[in-house]
Peer 1: 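Quick one: structure below, then a few questions.
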Amino acid sequence: MRMRNRGLNLQDNDSKIRLQVFLAHSGVASRRACEKIIESGRVSVNGSVVTELGTKVSAQDEVLVDGKKVFPEETKRYVLLNKPAGYVCTLSDEKGRPVAAELLKEAYSERLYNVGRLDMFSQGLIIFTNDGDFAAALSHPSAEIEKEYIVDTSLPLPRNLAEEFQRGIRVDGIFYKCKSAQEINARRMKIVLIEGKNREIRNVFKSKEIGIKKLTRVRIGSVTIEGLLSGQFRELSQYEVQGLLKLCRSKAI
């Protein structure tokens, strides 16, 4: 599966692009995350550590991240993973916890990184890619891509929780508001988020003293979990990739 590398042209050795763009198209991380990687001093160009975001590089330059050489990959990957609970969404973990990206390593030689996150105890859909433009489009606040979750609780749900969450709930000074919430039964709720603040659902339920037994993301935009068992993954079709990008563009208009 291939997509046009928008803004990336290194066929001419004299052509130069910004370092964070080079890294994003090398499958290091999203463009925004690559900026932080540069600023933290983890990147070197031709043997010298670079921390300036305005730095430009060409195909002739040797670019290393954490001492390992990186280069733009021609084949772009878009992988949908049904992440099991117990895995963290990071490329490496200093605490030695299982990393979701490791589930893909045997199938893909490219450096893939996650678009967005699920916390360690949550499960369900997450997209991995090495396409910086795609990741940036989906991650941008203006994209407003819907994420749908199924929440299973240990105690019966308060009867007004769905309506209250849709109106908005303030917890520890942070305002949480879902796009929609629907009580499926006494201990299960379907929730659709757009903004998705850190641990939003967990914080709202905790404020109501309702324990969550299982939190599963079942949809990202137009892509659903149907047919994908826990731990399984598949490549998104070109139609699905374009469909997600179309949703981003429609929100930006």
Peer 1: Does E146 reach the side chain of R219, with side-chain heavy atoms less than 4.5 Å apart?
Peer 2: yes
Peer 1: Could you state whether L81 and Y87 fall into the same hydrophobic cluster, counting links through intermediate Ile, Leu, Val, Met, Phe, Trp or Tyr residues with side-chain heavy atoms under 4.5 angstrom apart?
Peer 2: yes
Peer 1: Heavy atoms only: give me the nearest G221-L244 pair and the separation to one decimal.
Peer 2: CA-CD2, 4.2 Å
Peer 1: I need the minimum non-hydrogen distance between D119 and F121, along with the two atoms involved.
Peer 2: OD1-N, 2.9 Å
Peer 1: Please check if V43 and F22 belong to a single hydrophobic cluster, counting links between Ile, Leu, Val, Met, Phe, Trp and Tyr side chain heavy atoms closer than 4.5 Å.
Peer 2: yes
Peer 1: Would you indicate whether K206, at its atom NZ, is surrounded by more than 12 heavy atoms from other residues, nucleotides or ligands within a distance under 6.0 Å?
Peer 2: no
Peer 1: Scan side-chain atoms only and decide if S122 and R202 contain a donor-acceptor pair under the 3.5 Å cut-off.
Peer 2: yes
Peer 1: Identify the heavy atoms of R167 and F175 that sit nearest to each other, and give their distance.
Peer 2: O-CZ, 3.8 Å
Peer 1: To the nearest 0.5 Å, how far apart are CZ in F233 and CG in L125?
Peer 2: 14.0 Å
Peer 1: To the nearest 0.5 Å, how far apart are OG in S26 and CZ in R111?
Peer 2: 8.0 Å
Peer 1: Stepwise, does the salt bridge (charged side-chain N to carboxylate O under 4.0 Å, His left out) test hold for E164 with K208?
Peer 2: CA-CA 11 Å; E164 190 176 354; K208 303 298 181 180; 2.9 Å; yes
Peer 1: Do N203 side-chain atoms and R199 backbone N/O form a donor-acceptor pair below 3.5 Å?
Peer 2: yes
Peer 1: Between E39 and E52, is a side-chain contact (heavy atoms from CB on, under 4.5 Å) present by the stated rule, with each step listed?
Peer 2: CA-CA 7 Å; E39 292 175 329; E52 295 293 331; over 6 Å; no
Peer 1: Measuring from I220:CD1 to L247:CG, what's the distance to the nearest 0.5 Å?
Peer 2: 12.0 Å
Peer 1: Are side-chain heavy atoms of I127 and L138 found at a separation under 4.5 Å?
Peer 2: yes
Peer 1: Is I17 close to K56 at the side-chain level, that is, under 4.5 Å between some pair of heavy atoms?
Peer 2: no
Peer 1: CZ of R32: more than 12 outside heavy atoms within 6.0 angstrom?
Peer 2: no
Peer 1: If we only count heavy atoms from C-beta on, is the V63 to L23 side-chain gap below 4.5 Å?
Peer 2: yes
Peer 1: In terms of hydrophobic clusters joined by side-chain contacts under 4.5 Å, are L64 and L53 together?
Peer 2: no
Peer 1: Above 12 or not: heavy atoms from other molecules or residues under 6.0 Å from CG of N185?
Peer 2: yes
Peer 1: Near Y149 OH, under 6.0 Å, is it more than 12 heavy atoms from other residues, nucleotides or ligands?
Peer 2: yes
Peer 1: Please say whether more than 12 non-hydrogen atoms of neighbouring residues, nucleotides or ligands are located less than 6.0 Å from OH in Y239.
Peer 2: no
Peer 1: Checking side-chain hydrogen bond (donor to acceptor under 3.5 Å, both in side chains) against D152, which of R187, K213, R188 comes through?
Peer 2: R188
Peer 1: Can you find a pair of side-chain heavy atoms, one from E62 and one from K69, that are under 4.5 Å apart?
Peer 2: yes
Peer 1: I'd like to know if E35 and R18 make a salt bridge, using a cut-off of under 4.0 Å between side-chain N and carboxylate O.
Peer 2: no
Peer 1: Do I210 and F165 belong to the same hydrophobic cluster, where Ile, Leu, Val, Met, Phe, Trp and Tyr are linked whenever their side-chain heavy atoms lie under 4.5 Å apart, directly or via other members?
Peer 2: yes
Peer 1: Would the distance check show the side chain of S154 and the main-chain N or O of G211 forming a donor-acceptor pair, the cut-off being under 3.5 Å?
Peer 2: yes
Peer 1: When rounded to the nearest 0.5 angstrom, what distance separates CD1 in I201 from CZ in R217?
Peer 2: 9.0 Å
Peer 1: Using a 4.5 Å cut-off on heavy atoms from C-beta on, say whether the side chain of C89 contacts that of I126.
Peer 2: yes
Peer 1: Checking side-chain contact (heavy atoms from CB on, under 4.5 Å) for the pair V115/S139: CA distance, chi angles, key distance, verdict?
Peer 2: CA-CA 7 Å; V115 182; S139 301; 3.5 Å; yes
Peer 1: To the closest 0.5 Å, what do you measure between CG (D131) and CZ (R31)?
Peer 2: 9.5 Å
Peer 1: Can you tell me how far CZ of R77 sits from CZ of F128, rounded to the nearest 0.5 angstrom?
Peer 2: 15.0 Å
Peer 1: Taking all atoms of both residues into account, what is the closest heavy-atom pair of G132 and Y113, and its distance?
Peer 2: CA-OH, 3.3 Å
Peer 1: Between Q123 and L215, is there a side-chain heavy-atom distance shorter than 4.5 Å?
Peer 2: no
Peer 1: Take R234 and E240 through the test salt bridge (charged side-chain N to carboxylate O under 4.0 Å, His left out) and record every step on the way to the result.
Peer 2: CA-CA 12 Å; R234 67 173 178 84; E240 289 173 319; 2.8 Å; yes
Peer 1: Show, in sequence, the C-alpha distance, side-chain angles and deciding distance for E235 and Y108, and conclude whether the side-chain contact (heavy atoms from CB on, under 4.5 Å) test is met.
Peer 2: CA-CA 11 Å; E235 289 201 42; Y108 299 99; 3.0 Å; yes
Peer 1: Counting C-beta onward and ignoring hydrogens, is there a side-chain heavy-atom pair between I191 and S180 closer than 4.5 Å?
Peer 2: no
Peer 1: With side-chain contact (heavy atoms from CB on, under 4.5 Å) as the criterion, how do I184 and I150 come out once you've worked through the C-alpha distance, each side chain's angles and the decisive distance to 0.1 Å?
Peer 2: CA-CA 9 Å; I184 298 174; I150 299 296; 3.9 Å; yes
Peer 1: Does the salt bridge (charged side-chain N to carboxylate O under 4.0 Å, His left out) test come out yes or no for E144 and K179, once each step is laid out?
Peer 2: CA-CA 10 Å; E144 296 187 345; K179 180 176 182 179; over 6 Å; no
Peer 1: State which residue, out of I169, L193, V192, fulfils the side-chain contact (heavy atoms from CB on, under 4.5 Å) condition with C178.
Peer 2: L193
Peer 1: For the side chain of K16 and the backbone of A59, is there at least one donor-acceptor N/O pair under 3.5 Å apart?
Peer 2: no
Peer 1: Under 6.0 Å between the ring centres of F134 and Y78?
Peer 2: yes
Peer 1: Could you report the tightest heavy-atom contact between G41 and T51, atom names first, then the distance?
Peer 2: CA-CG2, 3.9 Å
